[in-house]
Amino acid sequence: MIDLKDLRENPDRYRTGAARKQMAVDIDRLLELDTKRREALSEQESLRAEQNRLSKETGAKIGPLMGQLKKAEGDERTRIQAEVDAIKAAPAALKEKIQSLQETIDAIKPEFDEILLSVPLPPDEDVPVGESADDNIELRRWSPDGWDADKSFHENRGFKPLTHIELCDRLGLVDFPRGVKLAGTRSYVLTGMGMRLHQAVLRYAIDFMADTNGFTPMSVPVIVKEEAMVGTGFFPAGRDQAYHIEETARGSGHDLFLTGTGEVGLMGLHQDEILDEASLPIRYVTVSTCFRREAGAAGKDTAGLYRIHQFDKVEQVVICKNDEAESREWHRKMIGFVEAFLQSLELPYRLLQCCTGDLGVKNADMIDIECWMPGRGEPDADGVPSGEFGETHSASRLYDYQCRRLNMRYRGGGEAGQGATTFCHSLNNTVAASPRILIPILENHQNADGSVSVPRVLRPYMNGIERIG
RNA sequence: GGAGAGGUGGCAGAGCGGUUGAAUGCGCCGGAUUCGAAAUCCGGUAUGGACUUCGUGUUCAUCGGGGGUUCGAAUCCCCCCCUCUCCGCCA
């Protein structure tokens, strides 16, 4: 959520920001509703003040009168009753006005909230302006020793690559037909060594972040309340992407949603909390099953492990102080962790600076990391794929946008902790999403004989197995 | 799933229709005392919003959440959520 005060003072900043992100949001309407709402609230507040003042007087008078009333008889009783009635009548008019203003406020609220939650965080000035993913800018590439990124897979390795789908079939790593039988399109079953490799990557990723980089490993819910989805910024914009468990339909108190990323659970942990400044930065890593409806992606990446409804992801988040320089520094570090991770897996990758049009509502900046997937891309005349980079990671810098929604603050003032409260900054980045990460692992580490070498760093997690097939 | 008890400030715990944003204790902060500390004593100690002559000050909301009754609700009623105890079931 953006800062409403800042929006009032600098509406153009948000108009421009939304435009650069290719998002339609009616700022003028929001400001109009805000004015109406504030007028009503302000008037209501002064009426309440009057009501409270009267109430205090009334309380002191009515008590004794009620006592007298019990004992009194005849005319005396009638007189006291009239006095009591008169005292009671005074605030009645106020009550009606307050009620009427409340109705005005209630009528404004739904539309107001809807628009407010939809106003995107303006992208940083140094984020290149663009319309879509096509305008993203490559920052740099890395390739392992012995791999020439300018040459084809065949030229590099001396044989034509198989796609991960072919490898999975031949090596018995994935059972797609039975996955579809069980759960429909975009479903799969990891089998045998496929499952072992999947678990190995995830476990290695957790250890890498916890042991090497000092992140605290966590296990968090993947079925959460709507507040967590709204708080983390996935709702209302991404409502279509989430599976919805309609518990209210069976009489329970609230509906639940399946999370599409561990970020929801990790960031939701400290919702409505005031953290100690000394506890920052908080660094969490989790592995969680992620659920995505992939609404609107019909027909896209339908085959293989690339775009699926359910997968497991190791995710890193950082919650730090409200300081742009610190946020930027953490962003660099979190990307660095992933680079070191991918380099240890010997996977060619590139960094993409996402343009404004490719950013979501909640980020000021986003760097995607794409791994080289030899089995992707348009096949040549012989049916051999040309290879293509495929997105495997996404690193976002959100400043206080997410923490504002989550109402997550910290108290400054050092040890004494007497300072003002401030919204935290937050960042998140993938560490490893599997089975998608298996695509570059299988395809890049395949051998001429159709086997796949297990990357060295994963062997300890595979009981020392060096080769599949 | 069944039966019962309960959710109040950082924590413990009173209040159960009237001037109560809320007693008391602990904790925490400041001060006094002390060579220093402990103990003791004094004072302070929620969050968010609105207005402000930006020094403050004034004010509204918040006692699990929502709705209702009332001139007035932490206190009464309804719904929901959560916690605890016992039984059942289960990984």
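Letters A, B, ... mirror the listed sequences (proteins, then strands); counts begin at 1. The model shown is predicted, which means the values in this text are computed figures rather than measured ones.
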The ring-ring contact (aromatic ring centres under 6.0 Å, His included) partners of A/Tyr410 (sequence neighbours excluded) come to none

With syn defined as a glycosidic torsion within 90 degrees of 0 and anti otherwise, which applies to B/G17? anti

When the C1' atoms of B/A14 and B/G21 are considered, how many whole Å apart are they? 15 Å

Which pairs with one or both residues in residues 222-247 of chain A pass side chain to side chain donor-acceptor pair (under 3.5 Å), sequence neighbours excluded? A/Glu226-A/Arg239, A/Tyr243-A/His309, A/His244-A/Asp255

Using the closest heavy atom to pick a nucleotide of RNA chain B for each, name whichever of A/Gln99 or A/Ser42 lands nearer the 5' end. A/Ser42

When the P atoms of B/G17 and B/G25 are compared, how many Å lie between them, rounded to an integer? 25 Å

Give me each pair satisfying ring pair (Phe, Tyr, Trp, His ring centres under 6.0 Å) with a member in residues 213-232 of chain A, each pair once, sequence neighbours excluded. A/Phe215-A/Phe337

Can you check whether A/Phe176 and A/Tyr188 have ring centres sitting under 6.0 Å from each other? no

Could I get the full list of ring-ring contact (aromatic ring centres under 6.0 Å, His included) partners for A/Phe235, not counting sequence neighbours? A/Phe257

Between protein and nucleic acid, restricted to nucleotides 58-60 of chain B and to nitrogen or oxygen atoms under 3.5 Å apart, what atom pairs and distances do you find?
residue : atom : partner : partner atom : Å
B/U59   : O2'  : A/Glu45 : OE2          : 3.3
B/C60   : OP1  : A/Asn52 : ND2          : 3.0

Between the protein and nucleotides 73-81 of chain B, are there any N/O to N/O pairs under 3.5 Å, and if so, what are the atom names and distances?
residue : atom : partner  : partner atom : Å
B/C80   : O3'  : A/Gly253 : N            : 3.4
B/C81   : OP1  : A/Gly253 : N            : 3.0

Whole-angstrom distance between B/U8 and B/C51, as gauged at atom C1': 30 Å

Which residue pairs pass the salt bridge (Lys or Arg N to Asp or Glu O under 4.0 Å) test when at least one of the two sits in residues 420-436 of chain A, sequence neighbours left out? none

Is there a side-chain contact between A/Arg409 and the phosphate of B/G48, meaning an N or O under 4.0 Å from OP1 or OP2? yes

Salt bridge (Lys or Arg N to Asp or Glu O under 4.0 Å) partners of residues 97-112 of chain A, not counting sequence neighbours, each pair once: A/Arg29-A/Glu111, A/Lys109-A/Asp113

N/O contacts under 3.5 Å, protein versus nucleotides 63-65 of chain B?
none

Enumerate the residue pairs fulfilling salt bridge (Lys or Arg N to Asp or Glu O under 4.0 Å) with a member in residues 171-187 of chain A, sequence neighbours excluded, ordered by first and then second residue. A/Asp175-A/Arg178

Check whether any side-chain nitrogen or oxygen of A/Arg38 sits under 4.0 Å from OP1 or OP2 of B/G49, and answer yes or no. no

Honestly, is A/Lys36 close enough over A/Phe112, meaning NZ or CZ under 6.0 Å from the six-membered ring centre and within 45° of the axis? no

Tell me which nucleotide, if any, is Watson-Crick or G-U wobble paired with B/A22 when both distances must be under 3.5 Å. none

Could you note down all residue pairs passing salt bridge (Lys or Arg N to Asp or Glu O under 4.0 Å) where residues 193-217 of chain A supplies at least one of them, sequence neighbours left out? A/Arg203-A/Asp207

Listed by chain and number, what are the ring-ring contact (aromatic ring centres under 6.0 Å, His included) partners of A/His425, not counting sequence neighbours? A/Tyr399

